[in-house]
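Written below as C-alpha cells is the structure these notes are about.
Model, not experiment: these values are computed from the prediction. In what follows, chains are A, B, ... by sequence order, proteins preceding strands, each numbered from 1.
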Amino acid sequence: MEKIANKVRETARLALANGEVNKILGWKKGDFWYDSYPAFITEEEGTASLIWDSFCVANLSKYLIEQLKEDIKVGVFLKGCDARAFNQLLKDNRVDRDKVVIYGLPCPGMIDPEKVKKAGLAKGLLDVQKSEDEVVFITKEGEQKFSAREFAYDKCLTCQYPNPVVYDELLAEEVERNNTTEYFYQDVEEIEKMSPDERFAYWVEQFSKCIRCNACRNVCPACSCEKCIFDNSKANVAGKAKVDSEEQFFHIVRAYHVAGRCVDCGECSRVCPVGIPLAKLNRKIIKDITEFYGEHNAGVNPSLDAPLETFKLEDIDPFETRAKGGK
Amino acid sequence: MQRIGVFVCWCGTNIAGTVDIDQVKQAAEKIPGVVNVQDYQYMCSEVGQNLIKNAIKEQKLDRVVIASCSPRMHEATFRKAAKSAGLNPYLVEIANIREQCSWVHKNKEEATEKAIALVRAAVAKATLNTELVPGEIGVEPRALEIGGGIAGIQTALDIAEAGYKVDIIEKTPSIGGKMAQIDKTFPTLDCSACILTPKMVDASTHPNINLYTYSEVEAVQGYVGNFEVTIRQKARSVNADKCTGCGICTDKCPSKKAESEFDEGLRKRGAIYIPFPQAVPNVPVIDREECLKFKTGKCGLCERVCPSGAIEFNQEDTLVTQKYGAIVVATGYDLINLDKFGEYPYTEHPDVITSLEFERLTSAAGPTAGKFLRPSNGNKPKKVVFVQCVGSRDKSSRGKTYCSKICCMYTAKHAMLIKEKYPEIEVYVFYIDVRTPGKNFDEFQRRAVEEYGVNYIKGMVGKVFPEGDKLQVHGVDALSSETLIIDADMVVLAAATKAKDDAQELGRKLSISTDANNFFTEAHPKLRPVETHSAGIYLAGACQGPKDIPETVAQSSAAAAKAIGLLNKGKLVNNPCVSQVDEQICSGCLACTKMCPYEAISSQVIEVKEQGKIVKKTVAHVNEALCQGCGGCTVTCRAGALDLKGFMNRQILAEVDAICL
Ligand SMILES: Cc1cc2nc3c(=O)[nH]c(=O)nc-3n(C[C@H](O)[C@H](O)[C@H](O)COP(=O)(O)OP(=O)(O)OC[C@H]3O[C@@H](n4cnc5c(N)ncnc54)[C@H](O)[C@@H]3O)c2cc1C
Ligand code: SF4
Ligand code: SF4
C-alpha cells in the first residue's frame, strides 16, 4: 500500500502543480493509528501529508457537492464503493462530472479498528501494515501477523466492487477479491428468518438506541437532498420530541428514500455511534429489488434507471408476490 | 381564526338512514374554527344551495365544508354555489359521508362515528385551503375518431356536419367495420351495404373529414382540448394519389393463398388486394407477408401491370402528429375464438361455421354469390342447426359471462333468410332464453317462429359428431327433457362477442380504463354513458359493450354531441390543482420527471444565491398546462419539493391527523 501511497502524493502534487485541478480531496493521518481523515488540499506542499492506508474508509465523494459550488476543478481519490457513490450523485445531478478528476484506487479492503480493539491488539499499537492478504500489527515489542480478513470491515467482506467503476486515472492494478455471493445476504437472511413479531421487536430495540445525531444521513451518498424533509419545518413531518416512534419513522422513511439508490457502501452502519445495523435495512431492500425486478446495483451504471423510479408493464406486483406478509 | 360553515346533507334517507345527523352536527359545532352548522334533506337542491349561499353571506364564512355524497357527484355544484356567493370555489371541501360511509355501513353508531371523523378531516383540510384561480386553455377545433366502423363513421359525419374537422383512424385498409360484412340487418331486413355504403362515401368525400386508413394510434399526449396524437400510417405499398382503383393488379397477382379477412376466410385473396368491392378508399394494399416480391425478391408483376405506376414497394410507415380537441373511441368488437369449444368441431369441420361466416355465405357479394351452400361439398343443405350463446353467458374460462346481446336477433334473422330463399330447408335454433327487447324486436323473432316455421328448441347442444357427410347434433330439449339427435348438414354457432384484443393497450395510450371484460368503461353507467373518465375522450359503439346497429348509431350521435359541445367552447378553464416546485428545496434528482405519467415535468438550470455566491443548479419544472394533478410526483419527491395545489402535503397530513384523533 505504501507504494501506492507514494503515487497518491505524487499524482496530487502534479495535478495541483500543472493546474489540472484547484483542489485535492484525499486522506491524511490523525493522532491515532486508526485515524485516517479526509483532507482538502490546495497547495502543492500540502500533498506530502496525503496517505493511503487500511483506514482510508471515509468516502470522499459526497464532499464534492459542497466543493463544486465554487467554480473550481477538484481532484478526488475514490475507492470502489466511493466510485459507486460518485455515480449515484452524478445520477441525482448533485455533481458535475466535468469539474471532477477522479483518481481511482482499487481497494484491498479496509480494517475495522473495532475488531482490532476487540482482539486485544490495540494496546501499544504503533502501526498497522497491510499487504495482499496479511495484516501486520507493529508494537514496541515486535510484530504480529494475521490474515487480513479477520480484521476487515463486515461490509468489505461482502464487497462486490473493490475496483472503481468510474475514474480518469487508475493508480494501481485492479484487485481481485474472492467475496462469494453466497453469503452476500447473510445478514438480511438472519432477519428474514425471524417471525414478524421477532423482527418488529428487533428493530424497535435497535431504533430505540438512536440519538438522532443524523450521522447516517449525513454520510450517505444517496441522502443528497438540498434540504432533507426531516429538516424542513414547513413539511410538518418530523416532531422534535425524543420518542421511539419518531426515530422509527426517521429510519424507515430514510430506508425508503434511498431504496434503489443505495450503493451499499455500508457507511451508515459504520458511522452510527450507537451501533444500529442500518445497512441491513437497506440491504433488505436491495435484495427485494433484485428478486422483484432483477439485479440493479445502484451507482454501477448511471445511465440505467432505478427500477423503483420507472414502471414497466411486465413489472411484478409486490403485493401479490409477497401477499402473505411472510418475509 | 377561520370562519368555517359545515353543511350536513341527509340525502333523503341515503345518509340520514344510517348516520345520526344531529350527532354529526353537534360534533361539528365543537371543532375550532367552525362557526355555523346546518343540515338539510337535499343539500344539492336549489333550497339547499341557497342555504349555503345565504350562510356564506350572512355568517361571513370563509371556508365551507359539505358533508354529503362523493365529490365526483356534486363538488362542482357546491363550488359553483360558493362562487355565486362570492367565495373562491376552492375554499369548498367535501366530506364524503355517503359513498364512503352511509352506503357501506349498517351499524348507525359506527357510521355516525365515522361520519364525524370524515367531517373533522374535511374541516382540518379546509382550514389550510387557499384561494385558487383556474387559468384558461384553448381548444383545438378538430376531433379524432379512432375506428372506422359504423360508430366511427356516424360520429365523424355528425361532427363534420357541425362544422368541425374530423380525422378517422382505421386500422384495416377500409372503413366500414363489421357492418360491411353483414348481409341484411334486423329488425327490418334491409341490405346492410345499401345503407352503409352511402355513409362510407359521405365520410370519404366530406370536406371536413380526413381518412387515415391502414393506420393506427402510435402515441397520445396532451389533455382535453389539446391532445397531440401520433398516427402510424402503415406502408400500403400503393400510392393512393396515383391509384385509380382499376383492380388490374389484384387480378394479376399470382400469390393468391391468403385468406380474405372480409370473407372470414371463406375465400382467398391476393397479396395485393382491395378488401371488398365497396371499400373506401378503393385503393389496394400489399400484404407484405404474402407478397412474392417481399418474400423472394422476384415477381413485381403488379408494378408492371399497373397503368398508373402506383405500386411503391419501397414505401415505409409514416408517422403523422396532429392536434385534436376531442377524441372519440369507436374500435368495435370481435367474436371469440372457438378453439376451446371442442364439442362443436368448428376448427375441424368446414360445415360448422360462425354467424359472421354465415353472413358472408348469404351475401350476394360473398364467396358463393349469395347461394347458401355447404362449404364442404358445395351442395345445398337440407337441415341447418343454429346454436345460440356459444361462449356467451358462460361462466367457464373459455367463454364470457355476459350476454352478447345481438345473437338472439341475428340468429332469428339468419333463420328467416334461409327460409325466405329455401323454404324447404329445415331450420333449428337451440337457445337458453330468447332475449329480444327493443323496438319491433320481439315481433321480428316471433315472425321466424310463426310465419317461417323455424324450430326453436330451448336447450343446449351437448355435442356435434361428424358422421359420413352429416353432422349429428346431440341436444336436450330442456322443456321436455327429451334427448334430440338432428342429422344436420350445417351448424351455425353464435359465437360470443368480445372486446378487441388491443383494447387495453389503446386504453393505456389514451389513459382510459377498460372493465373486467376489456370493454372501455364509461364515466357513469347511467348518467355519462358516452364519456370516459378522461376529459375530452368519448366512446361510441361496440367498444363500450355489445351493441346492435341502432344502439351503436344512437350512441355515436350522442358522442358526437359531446365532442361538438367541447369543440364549440373554444376555451376551457383548466384545473388549478396542479403541482408546483419549491426551487429552493428541489435538488434536481429529477425522479419526478420519470414518474409523471403526463410528461408534465422537465428540468431547468437556474441560478440561486447561496451564501453570497451565485450558484447554478438543476431543478424540476412543472408545465401547468400538462399537469393533471394526479399527485404522483409529490410522493416521489423525497424532499417534498413538489406540492399539489389544493392537495398540499400539509393538508393531507392534517386530514390524517384529524382522522386519527
Ligand atoms: C353475425 C352478426 C350479425 C349482425 N347483424 C346485425 C344486424 O342485422 N343488425 C344490427 O343492428 N346489428 C347487427 N350486428 C351487430 C353489428 O355488427 C354491430 O352493432 C356494429 O358493427 C357495431 O359497430 P362499431 O362501429 O361499434 O364496431 P365495428 O363494426 O367492429 O367497427 C370498428 C372499426 O374499428 C376498427 N378498429 C378496431 N380497432 C382499431 C384500432 N385500434 N385503431 C383503429 N381502428 C380500429 C375496426 O377495424 C373496425 O373497422 C351483427 C353482428 C354480428 C356478429
Ligand atoms: S409483387 Fe406482390 S403484390 Fe405484386 S403481384 Fe407480385 S405477389 Fe402480388
Ligand atoms: S401532479 Fe406531478 S406527476 Fe401528476 S401530472 Fe402533475 S406534474 Fe405530473
Side-chain angles (χ1 to χ4, degrees), chain A residues 62 65-72 88-99 217 220-239 245 249-250 252-262 298 302-314, chain B residues 124 127-128 504-505 507-509 581-597 599 601-620 630 632-643 648-657 660:
Chain A
K62 203 176 168 186
I65 300 177
E66 274 310 308
Q67 296 299 328
L68 295 179
K69 284 187 176 163
E70 292 197 41
D71 203 13
I72 55 169
Q88 186 56 45
L89 290 166
L90 199 63
K91 183 149 187 70
D92 291 336
N93 295 310
R94 300 302 277 142
V95 293
D96 182 348
R97 182 70 182 89
D98 294 339
K99 288 168 78 180
R217 176 187 91 185
C220 176
C223 266
S224 63
C225 285
E226 196 97 325
K227 186 169 202 170
C228 176
I229 188 91
F230 286 100
D231 291 343
N232 184 352
S233 52
K234 268 198 283 177
N236 214 13
V237 294
S245 62
F249 182 62
F250 170 74
I252 289 166
V253 168
R254 212 186 75 79
Y256 276 97
H257 279 191
V258 303
R261 298 162 58 253
C262 165
S303 65
L304 293 180
D305 280 331
L308 296 187
E309 283 173 3
T310 48
F311 171 69
K312 293 201 206 87
L313 283 176
E314 48 304 347
Chain B
T127 309
L128 299 171
Q504 265 195 330
E505 197 190 320
R508 239 175 260 127
K509 286 182 187 161
V581 182
D582 183 337
E583 289 175 348
Q584 256 188 327
I585 293 175
C586 174
S587 56
C589 75
L590 304 183
C592 53
T593 58
K594 288 173 212 135
M595 186 282 140
C596 177
E599 292 173 45
I601 313 183
S602 55
S603 74
Q604 64 176 18
V605 177
I606 58 163
E607 288 185 341
V608 289
K609 224 173 172 185
E610 211 174 277
Q611 288 158 11
K613 280 176 285 182
I614 301 283
V615 185
K616 275 202 180 128
K617 73 177 222 180
T618 303
V619 291
C630 73
C633 56
T634 67
V635 286
T636 305
C637 182
R638 296 176 284 276
L642 285 155
D643 225 343
M648 311 274 275
N649 291 333
R650 312 168 47 211
Q651 295 177 293
I652 311 271
L653 281 175
E655 284 186 287
V656 175
D657 282 346
C660 299

Tell me every residue that passes salt bridge (charged side-chain N to carboxylate O under 4.0 Å, His left out) with B:Arg508, counting only those two or more places apart in sequence or in another chain.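 Salt bridge (charged side-chain N to carboxylate O under 4.0 Å, His left out) check on B:Arg508 returns nothing, list empty.
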
Check whether A:Lys62 reaches the backbone of A:Cys220 with its side chain - one donor and one acceptor, N or O, closer than 3.5 Å.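 Yes, because the side chain of A:Lys62 sits within donor-acceptor range (under 3.5 Å) of the backbone of A:Cys220.
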
Using only non-hydrogen atoms and a strict under-4.5 angstrom cutoff, which residues of residues 581-590 of chain B touch chain A?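 So the qualifying residues are B:Asp582, B:Gln584, B:Ile585, B:Cys586, B:Ser587, B:Gly588, B:Cys589, B:Leu590.
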
Is A:Asp305 in contact with chain B via its backbone, its side chain, both, or neither, using a 4.5 Å heavy-atom distance?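 The answer is the side chain of A:Asp305.
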
Need one label for A:Cys228: side chain, backbone, both or neither, based on atoms under 4.5 Å from any heavy atom in chain B.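 Contact with chain B involves no heavy atom of A:Cys228 at all.
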
When only pairs under 4.5 Å are counted, which of A:His257, A:Glu70, A:Lys227 shares the most heavy-atom pairs with chain B?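 Between A:His257, A:Glu70, A:Lys227, the count favours A:His257.
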
For A:Glu309, all residues meeting side chain to side chain contact (heavy atoms under 4.5 Å, CB included), sequence neighbours excluded: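 Residues passing side chain to side chain contact (heavy atoms under 4.5 Å, CB included) with A:Glu309: A:Arg261, A:Ala306, B:Ala591, B:Lys594, B:Arg638.
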
Of all residues at least two apart in sequence or in a different chain, which pass the side chain to side chain contact (heavy atoms under 4.5 Å, CB included) check with B:Glu607?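 Side chain to side chain contact (heavy atoms under 4.5 Å, CB included) list for B:Glu607, sorted by chain: B:Ile614, B:Lys616.
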
Does the side chain of B:Gln604 come within less than 4.5 Å of B:Val619's, by heavy atoms?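 Result yes, sub-4.5 Å side-chain heavy-atom pair found.
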
Can you tell whether the side chains of A:Lys234 and B:Asp643 come within less than 4.0 Å, N to carboxylate O?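 So A:Lys234 does not pair with B:Asp643 through a salt bridge.
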
Salt-bridge test for B:Lys617 and A:Glu226: reply yes if a basic N is under 4.0 Å from a carboxylate O, no otherwise.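 Salt bridge between B:Lys617 and A:Glu226, a charged N being under 4.0 Å from a carboxylate O: yes.
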
